[in-house]
Amino acid sequence: MPWCSQLDECVLVASLDNARNLSNLLRAVHFRDRATIQATPAGIKVTVENAKCVQANAFIQACIFQEFVIEEDSVMFLINLTVLLDCLTIFSASALPGVTTALRMSYRGYGYPLVLFLEESGVVTVCKIQTQEPEETLDFDFCNANVINKIILQSESLREAFAELDMSSEVLQITMSPDKPYFRLSTFGNAGSTHCDYPKNSDMMEAFHCNQTQSSRYKISLLKPSTKALALSSKVSIRTDNRGFLSLQYMIRNEDGLVCFVEYYCSPDEEMAESET
């Protein structure tokens with residue numbers, strides 16, 4: 001594949017034999033156009049936020065890439081995620097079964113575009129995507145020391161629950177408790193209240209660590225984007241901290257069998273909490 005003659009000037013270089021391994025993860029956090037990309041020697045993190053209430057992070061470890069070179073401790077820039085996805089899937093309309101698109105991308109630093117070299121069946125396309133100065137991302141201060149409850153579920157069971165719940169409800173209430181109902185999802189829609197309960201010894205429950213009863217409500221409009229990651233995942237870790245903030249961490253296995261993670265943070269519905277006090 002052709003490669004840029006100024007490779008030695010790049011602060012970030014990464015390549016993948018299968019671009020879908022990247023595009024699938026980016027789709028899982030694609031609910032706004034603007035995304036912050038941060039690269040470190042550990043890999044790449046892509047962050048998308050909305051309304052200072054929800055944040056999605058896709059983590060692509062360095063080991064996922066066939067080539068990963070970074071010349072600085074941290075490289076960070078803002079990019080249009082819609083444009084990036086359009087470029088990564090530029091061959092998808094004509095793709096034949098079993099045929100993959102190889103990707104090499106490079107970034108020369110502040111003020112330069114992100115350059116993508118995509119090759120499929122001998123055809124090469126070069127895309128240059130404008131980058132911008134990164135904005136400060138939200139710090140949800142979600143640390144392990146403040147986590148009150150944590151469970152790990154097989155994603156299949158959560159997908160089934162979301163299919164049964166009433167999505168006309170404005171909020172999803174999540175109850176986690178060391179006692180019954182253990183783990184409950186509730187909606188309050190036009191047809192009344194709907195509940196889905198999971199016993200702690202359910203076959204779908206892989207881990208159950210609940211220290212105290214906690215019930216918080218979250219706007220469904222903020223949680224809906226996370227269903228993209230849920231659809232791709234095999235397991236999901238659900239955590240709540242002492243403020244009622246929610247963390248949904250999805251384990252996603254790519255087409256090469258390697259594991260990546262997508263994590264959503266969501267703040268509780270303050271309006272609902274105030275109306276109940």
Side-chain angles (χ1 to χ4, degrees), residues 16 18-32 35 37 42-50 53-65 81 84-85 88-89 92 100 140 142 144 147 149-165 167 172 174-176 182-185 187 196-200 202-210 216 218-241 245-267:
L16 282 168
N18 187 351
R20 279 199 299 270
N21 287 334
L22 178 59
S23 61
N24 286 342
L25 280 171
L26 296 184
R27 282 197 194 95
V29 297
H30 181 215
F31 59 90
R32 295 198 75 197
I37 293 182
I44 292 176
K45 179 173 78 169
V46 181
T47 301
V48 182
E49 298 177 335
N50 186 23
C53 294
V54 64
Q55 180 187 88
N57 296 290
F59 301 93
I60 308 99
Q61 298 96 311
C63 63
I64 299 296
F65 297 92
L81 186 55
L84 176 56
L85 277 168
L88 289 173
T89 55
S92 60
T100 59
F140 277 77
F142 201 100
N144 288 331
V147 171
N149 297 313
K150 174 184 177 180
I151 67 170
I152 298 175
L153 278 175
Q154 292 184 23
S155 297
E156 178 187 352
S157 63
L158 197 58
R159 288 193 289 266
E160 291 174 352
F162 279 6
E164 294 174 7
L165 293 168
M167 288 299 138
L172 172 69
I174 298 177
T175 301
M176 302 171 76
Y182 301 114
F183 179 56
R184 168 176 285 182
L185 302 175
T187 52
C196 286
D197 291 351
Y198 296 79
K200 64 179 181 179
S202 165
D203 292 340
M204 294 294 182
M205 188 81 67
E206 298 210 358
F208 182 87
H209 305 288
C210 289
S216 300
Y218 307 90
K219 287 187 181 297
I220 284 183
S221 60
L222 297 178
L223 291 177
K224 272 185 178 178
S226 73
T227 57
K228 295 180 180 180
L230 176 62
L232 296 170
S233 67
S234 57
K235 298 179 184 179
V236 55
S237 167
I238 304 172
R239 298 180 297 159
T240 53
D241 69 6
F245 279 61
L246 174 68
S247 162
L248 299 169
Q249 187 179 71
Y250 299 96
M251 188 180 84
I252 298 173
R253 199 172 296 276
N254 68 22
E255 294 185 4
D256 295 329
L258 299 173
V259 171
C260 296
F261 292 92
V262 169
E263 187 164 38
Y264 275 79
Y265 294 113
C266 186
S267 61

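Hydrogens, waters and symmetry mates play no part in the numbers below; they use all other heavy atoms, side chains included.
- Salt bridge Glu49/Arg32: absent, no basic N to carboxylate O contact under 4.0 Å.
- The structure places CD of Gln55 at 11.0 Å from SG of Cys266, a figure rounded to the nearest 0.5 Å.
- A distance of 4.0 Å separates CD in Glu156 from CE in Met204, rounded to the nearest 0.5 Å.
- Taken from CG in Asn149 to OG1 in Thr240, the straight-line distance is 4.5 Å, to the nearest 0.5 Å.
- In terms of heavy atoms, Leu81 sits closest to Val29 at CD2-O, 4.1 Å.
- Minimum heavy-atom separation, Leu258 to Cys63: CD1-O, 4.2 Å.
- Among all heavy-atom pairs drawn from Ile151 and Met176, the shortest one is CG2-CE, 3.8 Å.
- Below 30°, between 30° and 60°, or above 60°: for Tyr264 and Tyr250 the angle between ring planes is above 60°, a perpendicular geometry.
- Rounding to the nearest 0.5 angstrom, the gap separating the CD1 atom in Ile152 from the CE atom in Met205 is 10.5 Å.
- For the atom pair CG (Asn57) and CD (Gln249), the distance works out to 10.0 Å, reported to the nearest 0.5 Å.
- With Asn50 contributing its side chain and Phe31 its backbone, the two residues share no donor-acceptor pair below 3.5 Å.
- Side chain of Ser202 to backbone of Pro199: no donor-acceptor contact under 3.5 angstrom is found.
- Of the possible donor and acceptor atoms, none in the side chain of Thr100 sits under 3.5 Å from a partner among the backbone N and O of Asn18.
- A salt bridge links Arg239 to Glu263: at least one charged side-chain nitrogen sits closer than 4.0 Å to a carboxylate oxygen.
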Derivation and outcome, side-chain contact (heavy atoms from CB on, under 4.5 Å), residues Leu246 and Tyr265: CA-CA 6 Å; Leu246 174 68; Tyr265 294 113; over 6 Å; no

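- In this structure, Glu164 CD and Arg159 CZ are separated by 13.5 Å, a value rounded to the nearest 0.5 Å.
- No more than 12 heavy atoms of other residues, nucleotides or ligands sit less than 6.0 Å from atom NZ of Lys150.
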